[in-house]
Amino acid sequence: DPNARDQTGCTPLLAHAMAGRSDILRWLAPQTADLDAANLDGVTALLISALLGHEEGVLFLAARGATVAVQNKHGVNALIGASRSGKPRLTRLALDHGVPVDQQDSEGGTALMSAAAFGHEEIVRLLLARGAKLGLRDARGRTALMLAMIFGRPGTAQLLRAAGAE
């Protein structure tokens, strides 16, 4: 049964999305009633694909109608996932599907903070061009600039300073 769930709420589609098996996603999707089925943490196949940087899986699922503007129970969304995984194409896809550029997760983190912490400069530029706010702080009081500095991303820190971060 392609819609069966294990004790964590994981479906076969979600399991293969986690594994990055877009070949199996293509086989399962037509048989699956709900492309947006989430596990107990609110993670969908598209969201886990974005978090893990499985670009082909995200693009396939989005094209089949899976919801891009989804977040798990911790507030993590596909934009934050794409920003963490360093995928500019997926970052644009999430923004184009209406995920707010400054949406914060339950810890106050944003896509800009994630991109800054991981040193993904192209994504930082993209988020800034789409209006990301430089002064937002996470639950620990850290800004994107602070995270770039904490994680040793001098190029990203310089980029953020040039954009007006203090």
Side-chain angles (χ1 to χ4, degrees), residues 1-120 122-124 126-127 130 132 136-140 142 144 147-148 150-151 153 156:
D1 177 8
N3 297 304
R5 294 175 179 268
D6 68 13
Q7 68 273 17
T8 68
C10 186
T11 64
L13 190 73
L14 182 55
H16 290 292
M18 280 188 262
R21 295 294 309 269
S22 46
D23 57 328
I24 297 180
L25 294 181
R26 279 187 192 75
W27 174 71
L28 274 174
Q31 304 172 57
T32 302
D34 186 4
L35 295 179
D36 291 327
N39 68 11
L40 298 178
D41 287 325
V43 176
T44 66
L46 188 140
L47 180 55
I48 197 65
S49 293
L51 283 164
L52 297 175
H54 299 309
E55 193 167 293
E56 191 176 338
V58 173
L59 296 172
F60 171 75
L61 290 165
R64 297 280 304 186
T67 303
V68 176
V70 65
Q71 61 185 22
N72 70 10
K73 73 177 192 176
H74 304 290
V76 176
N77 60 43
L79 179 59
I80 292 172
S83 298
R84 279 184 193 164
S85 63
K87 301 294 183 177
R89 187 174 181 189
L90 299 184
T91 302
R92 279 189 290 281
L93 177 82
L95 290 166
D96 291 346
H97 277 81
V99 179
V101 70
D102 286 322
Q103 186 172 4
Q104 292 179 282
D105 64 22
S106 63
E107 296 293 320
T110 65
L112 182 62
M113 292 175 194
S114 291
F118 285 95
H120 300 308
E122 183 179 352
I123 294 174
V124 168
L126 171 61
L127 294 169
R130 296 285 189 106
L136 292 179
R137 293 180 180 270
D138 68 11
R140 295 181 182 174
R142 302 172 302 182
L147 288 165
I150 289 167
F151 288 100
R153 311 295 186 195
T156 304

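Minimum heavy-atom separation, Ala37 to Arg5: CB-NH2, 3.2 Å. For the pair Ala62 and Leu93, the tightest heavy-atom approach, listed with the atom from each and the gap, is CB-CD2, 4.1 Å. Shortest non-hydrogen contact noted between Ser114 and Ile80 is OG-CG2, 3.6 Å. Nearest heavy atoms, Ala29 versus Phe60: CB-CE2, 3.7 Å. Listed here is the closest heavy atom pair of Ala111 and Leu79: CB-CG, 3.6 Å. The minimum heavy-atom distance linking Met18 with Cys10 is given by the pair CE-SG, 3.6 Å.
In the displayed structure, Gln31 atom CD is contacted under 6.0 Å by more than 12 heavy atoms of other residues, nucleotides or ligands.
Rounding to the nearest 0.5 Å places CG of Leu127 at 6.0 Å from CG of Leu95. Atoms OG and NE2, on Ser22 and His16 in that order, are 12.0 Å from each other to the nearest 0.5 Å. Rounding to the nearest 0.5 Å gives a distance of 11.5 Å between OG1 of Thr67 and CG of Leu47. Note: Ser83 OG to Leu126 CG = 8.0 Å, rounded to the nearest 0.5 Å. Within the model, atoms CZ of Arg142 and CG of Leu147 stand 5.0 Å from one another, a figure rounded to the nearest 0.5 Å. Here the CG-CG distance, from Leu112 to Asp102, works out to 7.5 Å after rounding to the nearest 0.5 Å.
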Discussion item. Could you go through Met113 and Thr110, starting from their C-alpha distance and side-chain angles, then the distance that decides it, and tell me whether this counts as side chain to side chain contact (heavy atoms under 4.5 Å, CB included)?
Written reply: CA-CA 5 Å; Met113 292 175 194; Thr110 65; 3.3 Å; yes
Practice prompt. Let me see the working for Glu55 and Leu90 under side chain to side chain contact (heavy atoms under 4.5 Å, CB included), right down to the final yes or no.
Written response: CA-CA 7 Å; Glu55 193 167 293; Leu90 299 184; 3.7 Å; yes
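With 3.5 Å as the limit, one finds no donor-acceptor pair spanning the side chains of Asn39 and Thr8.
Just one residue in the list Val76, Ile123, Leu52 forms a side chain to side chain contact (heavy atoms under 4.5 Å, CB included) with Arg84, and that residue is Val76. Under the side chain to side chain contact (heavy atoms under 4.5 Å, CB included) test applied with Leu14, the options Asp6, Leu46, Ile48, Leu28 reduce to a single match, Ile48. Across Ile24, Thr44, Leu35, Asp34, a single residue satisfies side chain to side chain contact (heavy atoms under 4.5 Å, CB included) together with Leu13, and that is Leu35.
Among residue pairs with one or both ends in residues 87-97, those qualifying as side-chain hydrogen bond (donor to acceptor under 3.5 Å, both in side chains) are Asp96-Arg130; sequence neighbours excluded.
Considering only residues two or more places apart in sequence or on other chains, Arg26 meets the side chain to side chain donor-acceptor pair (under 3.5 Å) condition with Glu56.
Counting only distance, with no hydrogens or angles, the side chain of Ser85 and the backbone of Ala50 share a donor-acceptor pair below 3.5 Å. Between the side chain of Asp105 and the backbone N or O of Glu107, at least one donor-acceptor pair lies under 3.5 Å.
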